[in-house]
Amino acid sequence: MAIDFNKAANDFMNTPAGAKLSGKQNELNKLIDSTDGQKVKNMLSGKEASVIAAIENGDTNVLKNTLSNILKTEEGSRLAEQLLNMMK
């Protein structure tokens with residue numbers, strides 16, 4: 001079963017947390033394109049299939065470990081803090 005990431009993103013944007021990011025696409029793109037964003041993206045490079053499989057199979061352990069590994073880095077921590085600030 002393939003995941004419809006556009007639908008997932010739209011569903012998220014319709015939640016209270018997602019609504020706080022609504023209208024902040026430019027800021028989100030800047031985060032993605034930032035040095036920290038690129039480093040986190042590179043950390044995930046080559047692991048896309050396992051992350052997608054974990055999402056499709058509901059394997060929360062893989063997802064928790066992946067997120068934990070990202071948040072343990074300075075870049076991941078800064079990105080998370082910036083996202084939280086955007087949601088205030």
Side-chain angles (χ1 to χ4, degrees):
M1 174 182 175
I3 295 209
D4 183 345
F5 288 106
N6 287 326
K7 181 182 180 319
N10 287 332
D11 288 348
F12 172 74
M13 293 305 278
N14 288 322
T15 67
K20 292 179 181 179
L21 294 175
S22 180
K24 297 186 179 182
Q25 187 64 40
N26 287 337
E27 291 176 65
L28 289 170
N29 286 336
K30 286 179 186 177
L31 282 181
I32 292 167
D33 293 335
S34 71
T35 301
D36 286 346
Q38 291 304 305
K39 286 184 180 179
V40 169
K41 187 175 176 180
N42 288 338
M43 287 174 54
L44 293 170
S45 181
K47 299 177 185 174
E48 297 93 339
S50 64
V51 171
I52 290 171
I55 293 168
E56 289 176 340
N57 296 322
D59 189 343
T60 57
N61 286 331
V62 169
L63 298 174
K64 285 179 188 178
N65 287 337
T66 301
L67 183 57
S68 177
N69 288 336
I70 290 169
L71 293 175
K72 287 179 186 175
T73 67
E74 290 180 29
E75 299 85 6
S77 179
R78 281 192 296 261
L79 284 177
E81 184 175 351
Q82 290 172 317
L83 282 170
L84 288 173
N85 286 335
M86 288 173 65
M87 294 172 68
K88 288 183 179 179

Report the C-alpha distance between Val62 and Ile55 in whole Å, list the side-chain angles of each, state the deciding distance to 0.1 Å, and finish with yes or no for side-chain contact (heavy atoms from CB on, under 4.5 Å).
CA-CA 9 Å; Val62 169; Ile55 293 168; over 6 Å; no

Is it possible for you to say whether Met43 and Val51 belong to one hydrophobic cluster, with membership spreading through side-chain heavy-atom contacts below 4.5 Å?
no

Should Leu79 and Leu21 be counted in the same cluster of Ile, Leu, Val, Met, Phe, Trp and Tyr side chains packed under 4.5 Å apart?
yes

Between OG of Ser50 and CG of Leu63, what distance do you get to the nearest 0.5 Å?
9.0 Å

To the closest 0.5 Å, what do you measure between CD (Glu27) and CE (Met86)?
4.5 Å

What is the distance from atom CD of Glu81 to atom CG of Leu71, rounded to the nearest 0.5 Å?
11.5 Å

Can you confirm whether more than 12 heavy atoms, excluding those of Lys30, are under 6.0 Å from its NZ atom?
no

Indicate if Leu67 and Val40 have the same hydrophobic cluster label, given that clusters are the connected sets of ILVMFWY residues with side-chain heavy-atom separations under 4.5 angstrom.
no

Mark yes when over 12 heavy atoms from residues, nucleotides or ligands other than Glu74 sit less than 6.0 Å from its CD; otherwise mark no.
no

Looking at side-chain heavy atoms only, is the closest gap between Asp36 and Leu31 below 4.5 Å?
no

Closest non-hydrogen contact found for Ile70 with Thr73 is O-OG1, 2.6 Å

Give a yes or no on whether the backbone of Asn61 and the side-chain of Asp59 come within a donor-acceptor separation of less than 3.5 Å.
yes

Rounded distance (nearest 0.5 Å) linking atom OG of Ser34 with atom CZ of Arg78
9.0 Å

Locate the shortest heavy-atom distance separating Lys39 from Glu75; write the atom from each residue and the value.
CD-OE2, 3.4 Å

Donor-acceptor pair between Gln25 and Asn29 side chains, under 3.5 angstrom:
yes

If you measure from OG on Ser45 to CD on Gln38, what distance do you get to the nearest 0.5 Å?
11.0 Å

In this structure, NZ of Lys41 is separated from CD1 of Ile32 (nearest 0.5 Å) by 8.0 Å

Check: Asn85 and Lys88 side chains under 4.5 Å, non-hydrogen atoms
yes

